[in-house]
Chemist: 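Once you've had a glance at the structure underneath, I'll fire off some questions.
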Amino acid sequence: MGKDVIIACDFDSAEKTFAFLDKFTDTKPFVKIGMELYYAEGPSIVREIKRRGHKIFLDLKLHDIPNTVKKGMAVLSRLDVDMTNLHAAGTKRMMQAAIEGLTRPDGTRPILIAVTQLTSTDQESMENDLLIKEPIDKVVMHYASCAKEAGLDGVVCSPLEAGKVHDTCGKDFVTVTPGVRFADGDIGDQKRVMTPAEANRIGSDYIVVGRPITAAEDPVAAYNRCVREFVD
Ligand code: C5P
């Protein structure tokens, strides 16, 4: 699995997305399309970004009964995305069904990763709202192990958890980590952040970076800096 920087294209229209992507004349960054852009523009935005030569992480976090997830994943696979995801809370059976749906007739499929506990969930809300009484770190590692046992390729996690996920699930189990900020940058609403270089050192395979690139005065320079710090 190659290390890479994925830009979170958190825009609400195709127009804003292409105005941003048009700035990249020499490189075709790996981009993340989330719910906002996908719900605004539908599958045509995926096809168009793909046609322009970008790799795509479609971040829709599926969570439903196994049969529905399997059929949904089959459609996403035909969209030819490179990476997509689901909630591990849907159980191993749902994750296995997702892999079946995602696998193309020739046996290939996009990288499939799981969300464990959302980083917006803390110990208190997990105990009170979900009635899960175990320590949250243990729950995250358990969900990661279930994802591995179901045959998934990795998890989305905080960069602070990436090392432990690799210790638990093996070094080839992919960690995709948001919450990245430059050392001299604004942290915004993220709470626990790491620089690209730190994320590299602790073993993140992919970093997902939004505003430090999308809101930069020079997004191309910010992206190149991110790649230099993370990959080089
Ligand atoms: O702008 P920023 O770099 O904070 O964007 C991070 C991206 O990663 C956003 O698309 C956000 O939704 C996503 N994300 C996150 N934390 C998670 C899961 C996803 O920040 N735990």
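Basis for what follows: all heavy atoms, side chains included, without hydrogens, waters or symmetry-related copies. Computed from a predicted structure; not experimentally measured. Atoms within each ligand, like the ligands themselves, are counted from 1 in listed order. Position 1 is the first residue of the sequence, and the numbers go up from there.
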Chemist: Would you name the heavy atoms of Ile187 and Val193 that are closest together and state the gap between them?
Modeler: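 Nearest pair, atom of Ile187 first, then Val193: CG2-CG2, 3.9 Å.
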Chemist: Name the orientation class of the two ring planes belonging to His63 and His87 (parallel below 30°, tilted from 30 to 60°, perpendicular beyond 60°).
Modeler: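 Rings of His63 and His87: tilted, 30 to 60°.
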Chemist: Tell me which protein heavy atom sits closest to atom 18 (C) of ligand 1, plus the residue, atom name and distance to 0.1 Å.
Modeler: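 Protein heavy atom with the smallest distance to atom 18 (C) of ligand 1: Pro178 CG, 3.7 Å.
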Chemist: Which of the numbered atoms in ligand 1 are below 4.0 angstrom from a heavy atom of Gly210?
Modeler: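 Counting from 1, the qualifying ligand atoms are 1 (O), 2 (P), 3 (O), 5 (O).
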Chemist: I need the minimum non-hydrogen distance between Gln123 and Ile136, along with the two atoms involved.
Modeler: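 Heavy-atom minimum between the residues: OE1-N, 2.7 Å.
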Chemist: Is any side-chain N of the basic residue among Asp153 and Arg109 closer than 4.0 Å to the acidic one's carboxylate O?
Modeler: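 Yes, Asp153 and Arg109 are salt-bridged.
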Chemist: Pairs of nitrogen or oxygen atoms closer than 3.5 Å, one from Asp59 and one from ligand 1: do any exist?
Modeler: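 No; the residue has no nitrogen or oxygen that sits under 3.5 Å from a nitrogen or oxygen of the ligand.
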Chemist: Short list, please: which atoms of ligand 1 are under 4.0 Å from a heavy atom of Ala8?
Modeler: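 Those qualifying, in numeric order: 7 (C), 10 (O).
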Chemist: Of all the non-hydrogen atoms in the protein, which one sits nearest to atom 21 (N) of ligand 1, and at what distance?
Modeler: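 So the nearest neighbour among protein heavy atoms is Thr119 OG1, 2.5 Å.
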Chemist: What is the closest protein heavy atom to atom 9 (C) of ligand 1, and at what distance does it sit?
Modeler: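 Among all protein heavy atoms, the one nearest atom 9 (C) of ligand 1 is Asp10 OD2, 3.3 Å.
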Chemist: Which residue owns the protein heavy atom closest to atom 20 (O) of ligand 1, what's the atom, and how far is it?
Modeler: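 Protein heavy atom at minimum distance: Gln190 NE2, 2.9 Å.
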Chemist: So how far is it from Asn85 CG to Leu60 CG, rounded to the nearest 0.5 Å?
Modeler: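 Here the rounded value is 7.0 Å.
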Chemist: For atom 12 (O) of ligand 1, find the nearest protein heavy atom and state the residue, atom name and distance (0.1 Å precision).
Modeler: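 Among all protein heavy atoms, the one nearest atom 12 (O) of ligand 1 is Lys32 NZ, 4.3 Å.
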Chemist: Does a side-chain N-to-carboxylate-O contact under 4.0 Å join Glu48 and Arg51?
Modeler: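 A salt bridge links Glu48 with Arg51.
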Chemist: Can you say whether the rings of Phe20 and Phe11 are parallel (under 30°), tilted (30 to 60°) or perpendicular (over 60°)?
Modeler: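 Ring orientation, 0 to 90° scale: tilted.
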Chemist: Consider every N or O of Val208 and every N or O of ligand 1, then say whether any pair is closer than 3.5 Å.
Modeler: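 No: no nitrogen or oxygen of Val208 is under 3.5 Å from one in ligand 1.
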Chemist: Of the side chain and backbone of Ser158, name the one, both, or neither that has a heavy atom under 4.0 Å from an atom of ligand 1.
Modeler: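 Under 4.0 Å from ligand 1, Ser158 contributes no heavy atoms.
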Chemist: Quick one: does Gly179 get a heavy atom under 4.0 Å from ligand 1?
Modeler: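 Under 4.0 Å: no for Gly179.
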Chemist: Hey, which atoms in ligand 1 end up nearer than 4.0 Å to a heavy atom of Arg181?
Modeler: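 Answer for ligand 1: 1 (O), 2 (P), 3 (O), 4 (O).
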Chemist: Identify, by atom number and element, the atoms of ligand 1 in contact range of Pro212, meaning under 4.0 Å from any of its heavy atoms.
Modeler: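 Taking each heavy atom of Pro212 in turn, ligand 1 has 3 (O) under 4.0 Å.
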Chemist: Heavy atoms only: give me the nearest Phe24-Pro29 pair and the separation to one decimal.
Modeler: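 Where Phe24 meets Pro29 most closely, the heavy atoms are CD2-CG, 3.6 Å.
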Chemist: Would you check whether Arg211 has a nitrogen or oxygen atom less than 3.5 angstrom from a nitrogen or oxygen atom of ligand 1?
Modeler: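 Among all N and O atoms of Arg211, at least one is under 3.5 Å from an N or O of ligand 1.
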Chemist: What is the distance from atom CD1 of Ile49 to atom CG of Leu21, rounded to the nearest 0.5 Å?
Modeler: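 That separation rounds to 5.5 Å.
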